[in-house]
Amino acid sequence: MSLNVQEIKGFLPQDKPYKRYDSGGLYLLVKPNGSKLWQFKYRFGGIEKKMPFGAFPEISLAEARKRRDRARTSVADGVDPMRERKREKAKIRLGAENTFAVVASSYIEHKMVGEGRAEATLKKARWFLELLTPAIGNMPLDDLDPQMMLAALKKLEARGNLETAKKCRSFSSRVFRYGAALGLCKSDPTAILQGALITPKARHYAAILEPEKLGQLLRAIDDFECYPVTKLALKIAPHIFVRPGELRHGDWSEIDWEKAVWTIPAGKMKARRTHAVPLSRQVLELFRELQSVTIGTGYMFPAFHTWKRPMSENTINASFRRMGFTKDEMTAHGFRSTA
């Protein structure tokens with residue numbers, strides 16, 4: 001005979017646990033401490049099993065019967081309901097551990113750092129993750145679809161950050177491919193979004209391309225009064241045509257004085273390839289002068305207040321402004337176009 005709510009409320013605890021059956025394998029286990037626990041007994045693969053449904057009254061009689069019916073349907077379909085529940089719990093737990101933010105952090109800190117990526121590249125990757133986290137950071141990687149990703153990227157686009165949105169899509173794509181390789185997701189949902197974002201107009205760094213005006217700049221550098229390291233950075237930059245970040249992060253150990261070559265490691269290069277910069281006699285003299293005003297080890301162009309950090313990325317551009325050259329006329333990166 002099936003149970004009813006009044007009966008259940010009247011079951012009192014005894015010295016030992018006892019059972020009161022409902023129907024279809026559902027029963028109530030009354031424990032000595034007074035708790036009343038729903039259990040479902042079934043057979044799967046010839047083995048008797050028990051599946052807990054929770055405690056009464058938190059789980060009502062009607063709800064317990066619904067759960068029993070679902071479990072019986074699973075058994076009839078050849079699915080072990082208890083194993084399926086454990087699988088779902090594991091999936092939820094794994095999802096909490098494999099959110100976009102967690103996997104992206106792993107990609108940055110293990111793969112990118114392990115590959116020796118430049119600090120500037122790592123800094124940008126962490127910034128991309130910071131931008132994406134509010135929208136998708138807490139979502140399991142395998143739950144994210146193209147529409148969710150597009151919505152997150154469109155938020156960046158709506159702020160006018162067109163280039164940033166495209167770079168965040170590219171960064172996300174690398175995270176998903178990393179996750180897929182680890183079995184954390186099935187595919188890269190950003191792969192089909194390349195044509196869905198607005199393509200920003202190409203932005204070129206301001207540079208002086210006229211010989212006469214370049215001469216004016218070089219004379220202005222010679223006459224410019226500033227911190228000696230900054231002055232020498234300004235004098236060296238027009239000769240070697242490296243990127244500003246590569247110049248700032250130059251290390252004295254990378255200079256071969258006998259061969260007159262500055263070898264920049266692959267980890268500091270945008271293209272991830274070792275780059276050899278030939279040094280003219282004039283540049284070697286400038287580097288020797290620079291060595292005399294620094295400690296001669298570590299960064300070639302240390303910051304003003306400490307030799308443990310390179311000079312600020314804004315130092316050279318700020319110097320151009322003080323000389324009277326606007327941001328539309330010349331930039332530190334512009335020397336590459338000048339070359």
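Given the structure is predicted, the values throughout are model-derived calculations rather than measurements.
- Between K166 and E163 no salt bridge is recorded (no basic side-chain N to carboxylate O distance below 4.0 Å).
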Under the side-chain hydrogen bond (donor to acceptor under 3.5 Å, both in side chains) criterion, do Y27 and R20 qualify, and how do the steps go?
CA-CA 6 Å; Y27 65 89; R20 291 293 180 264; over 6 Å; no
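- T230 places a side-chain heavy atom less than 4.5 Å from the side chain of S319.
- Taking 4.0 Å as the cut-off between side-chain N and carboxylate O, R70 and E63 count as a salt-bridged pair.
- Between the side chain of K124 and the backbone N or O of K167 there is no donor-acceptor pair closer than 3.5 Å.
- In terms of modelled atom types and a separation under 3.5 Å, the side chain of R169 and the main chain of L153 share no donor-acceptor contact.
- No donor-acceptor distance shorter than 3.5 angstrom exists from the side chain of T315 to the backbone of M311, with no hydrogens or angles considered.
- Side-chain contact between E130 and T133: absent, with no pair of heavy atoms (C-beta onward) separated by less than 4.5 Å.
- With salt bridges taken as basic N to acidic carboxylate O contacts below 4.0 Å, one links E115 and K111.
- Taken together through direct or relayed side-chain contacts under 4.5 Å among Ile, Leu, Val, Met, Phe, Trp and Tyr, W252 and W307 form parts of separate hydrophobic clusters.
- Side-chain atoms of K231 come within 3.5 Å of backbone N or O of I221 as a donor-acceptor pair.
- A heavy-atom distance below 4.5 Å is found between the side chains of I198 and E157.
- Y42 is linked by a ring pair (Phe, Tyr, Trp, His ring centres under 6.0 Å) to F40, counting only residues two or more places apart in sequence or in another chain.
- Counting only distance, with no hydrogens or angles, the side chain of T73 and the backbone of D69 share a donor-acceptor pair below 3.5 Å.
- Cluster membership check: M269 does not share its hydrophobic cluster with L122, using side-chain heavy-atom separations under 4.5 Å among Ile, Leu, Val, Met, Phe, Trp and Tyr.
- Remark: E84 engages R87 in a side-chain hydrogen bond (donor to acceptor under 3.5 Å, both in side chains) (not counting sequence neighbours).
- Contact between S60 and W38 at its shortest, heavy atoms only, is O-NE1, 3.9 Å.
- A donor-acceptor pair is defined here as one N or O able to donate and one able to accept, closer than 3.5 Å; no such pair exists between the side chain of R177 and the backbone of D188.
- With respect to K268, the side chain to side chain contact (heavy atoms under 4.5 Å, CB included) criterion is satisfied by exactly one of E254, R117, E119: E254.
- Using a 4.5 Å heavy-atom cutoff, the side chains of P32 and Q14 are not in contact.
- In this structure, S170 OG and Q194 CD are separated by 8.5 Å, a value rounded to the nearest 0.5 Å.
- Contact of the L284 side chain with the R288 side chain is registered, since non-hydrogen atoms from C-beta on lie closer than 4.5 Å.
- At least one side-chain heavy atom of I108 sits under 4.5 Å from a side-chain heavy atom of L129.
- Taking CH2 of W262 as the start and NE2 of H275 as the end, the distance is 8.5 Å to the nearest 0.5 Å.
- Atom SG in C185 sits 4.0 Å away from atom CG in L141 (nearest 0.5 Å).
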Does the pair S74 and D80 meet the rule for a side-chain contact (heavy atoms from CB on, under 4.5 Å), with working shown?
CA-CA 7 Å; S74 294; D80 185 344; over 6 Å; no
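- In the hydrophobic clustering of ILVMFWY residues, with side-chain heavy atoms under 4.5 Å counting as a link, Y299 and F287 come out apart.
- Using cut-offs of 30° and 60° on the angle between ring planes, the pair F325 and F320 is perpendicular.
- By the 4.0 Å N-to-carboxylate-O rule, E109 lies close enough to R126 to be salt-bridged with it.
- Using modelled atom types, one finds a donor on one side chain and an acceptor on the other under 3.5 Å when comparing Y107 with R174.
- No donor-acceptor pair under 3.5 Å is formed between the side chain of D77 and the backbone N or O of V79.
- Residues I59 and R67 form a side-chain contact, since some pair of their non-hydrogen atoms from C-beta on lies under 4.5 Å apart.
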Show the numbers, then the answer: is there a side-chain contact (heavy atoms from CB on, under 4.5 Å) between D222 and K235?
CA-CA 8 Å; D222 285 340; K235 295 179 78 169; 3.7 Å; yes
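- Residues I316 and M323 share a hydrophobic cluster, clusters being chains of Ile/Leu/Val/Met/Phe/Trp/Tyr side chains in contact below 4.5 Å.
- With hydrogens and angles ignored, the 3.5 Å screen pairs no side-chain donor or acceptor of N98 with any backbone N or O of P140.
- Hydrophobic clustering of Ile, Leu, Val, Met, Phe, Trp and Tyr side chains at less than 4.5 Å, counting indirect connections, unites F224 with L290.
- Checking side-chain atoms of S106 against main-chain N and O of V102 turns up no donor-acceptor pair under 3.5 Å.
- In this structure, E329 contributes its side chain and T326 its backbone to a donor-acceptor pair below 3.5 Å.
- Residues V261 and L279 fail the side-chain proximity criterion, which asks for heavy atoms closer than 4.5 Å.
- Between R68 and D22 there is a salt bridge, with a side-chain nitrogen of the basic residue lying less than 4.0 Å from a carboxylate oxygen of the acidic one.
- Between F335 and F241, the ring center distance fails the sub-6.0 Å criterion.
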